[in-house]
Amino acid sequence: AQSVTQLGSHVSVSEGALVLLRCNYSSSVPPYLFWYVQYPNQGLQLLLKYTSAATLVKGINGFEAEFKKSETSFHLTKPSAHMSDAAEYFCAVSYGGSQGNLIFGKGTKLSVKP
Amino acid sequence: NAGVTQTPKFQVLKTGQSMTLQCAQDMNHEYMSWYRQDPGMGLRLIHYSVGAGITDQGEVPNGYNVSRSTTEDFPLRLLSAAPSQTSVYFCASTTGGDRTQETQYFGPGTRLLVL
């Protein structure tokens, strides 16, 4: 069975500091992995996805994530946080034959302090 | 394109009432799905459809019905609402074809309160 664990339900960083949001997965087959962002009272927007091509994946808004099979991790990073990055972030893994069947982590709320 | 649209945006129901949450997409996507989002739980898949006339259950299907008579529409029905169904519901559609190129689009959500 596939699952996703996000470490830390709330992360707070200062503006300009490194953002690191942790995600570990469990999958019996090679996974497809995703990071989504949700701004208050909005739907989800895809930040980036891993589909077994490059292990370092670059996404929108300066975010990137590295797939590490040995650690079963797919952590999300951004070198310098902006106030506009404050949102909730979800890691997800797909199962079945399509990205449409996603298992989500419980989410990490990112706060950015001025 | 309007993308994925959901109606209503907000609804209050009494226990035992029924209602249908509407979802439509104009991108000709074959794959559509419904999720519910609860605080501290992330999103959980309720039902999904791989094309008109084909639906299947996700993680939390109990208390919900779906049908897919057209490619565009994928309504979610609550037959007898319960307070445990208070949640935010998201509809999504997914481009098909090569999995590496797939992209999932989410609607804006429907907030449902069951009293």
Side-chain angles (χ1 to χ4, degrees), chain A residues 1-10 21-25 27 29-55 57 59-60 67 87-109, chain B residues 2-7 9-10 23 25 27 29-51 54-61 66 68 74 87-111:
Chain A
Q2 299 184 322
S3 65
V4 171
T5 301
Q6 290 184 241
L7 300 176
S9 59
H10 198 161
L21 304 181
R22 301 177 186 273
C23 173
N24 289 89
Y25 70 91
S27 176
V29 297
Y32 280 21
L33 294 159
F34 309 85
W35 275 100
Y36 285 86
V37 60
Q38 184 180 34
Y39 298 101
N41 299 314
Q42 294 189 24
L44 274 72
Q45 180 182 6
L46 180 67
L47 274 177
L48 50 82
K49 64 180 179 182
Y50 167 76
T51 59
S52 75
T55 56
V57 182
I60 62 172
F67 173 73
E88 191 158 20
Y89 293 80
F90 294 93
C91 183
V93 61
S94 71
Y95 67 97
S98 170
Q99 185 195 143
N101 286 358
L102 292 174
I103 294 177
F104 284 85
K106 295 184 177 181
T108 297
K109 187 166 288 188
Chain B
V4 180
T5 59
Q6 293 183 237
T7 56
K9 292 185 178 179
F10 182 70
C23 174
Q25 52 92 7
M27 298 173 283
H29 292 167
E30 292 292 329
Y31 204 108
M32 297 184 73
S33 45
W34 275 102
Y35 294 86
R36 60 177 288 173
Q37 181 179 25
D38 302 292
M41 297 293 293
L43 280 76
R44 292 178 291 171
L45 182 66
I46 304 172
H47 285 284
Y48 64 96
S49 168
V50 299
I54 306 170
T55 64
D56 206 345
Q57 297 180 348
E59 296 177 70
V60 289
V66 292
R68 185 93 179 273
F74 189 43
S87 188
V88 181
Y89 292 85
F90 288 100
C91 179
S93 72
T94 306
T95 62
D98 183 354
R99 277 195 72 194
T100 63
Q101 303 300 317
E102 281 186 336
T103 299
Q104 190 166 79
Y105 296 87
F106 282 85
T110 293
R111 292 182 177 274

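Each chain gets a letter, A, B and so on, in the order its sequence line appears, and its residues count up from 1.
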Which atoms of B:Arg44 come close to chain A, meaning under 4.5 Å heavy atom to heavy atom: side chain ones, backbone ones, both, or neither? neither
Going by heavy atoms in the side chains, are B:Tyr35 and A:Leu102 under 4.5 Å from each other? yes
Looking only at A:Phe90, A:Tyr50, A:Phe104, most heavy-atom pairs under 4.5 Å shared with chain B are made by A:Phe104
B:Gln6 portion near chain A, given a 4.5 angstrom heavy-atom threshold: neither
So which part of A:Gln38 gets closer than 4.5 Å to some heavy atom of chain B, the side chain, the backbone, both or neither? side chain
Full working for side-chain contact (heavy atoms from CB on, under 4.5 Å) between A:Leu44 and B:Gln104: CA-CA 9 Å; A:Leu44 274 72; B:Gln104 190 166 79; over 6 Å; no
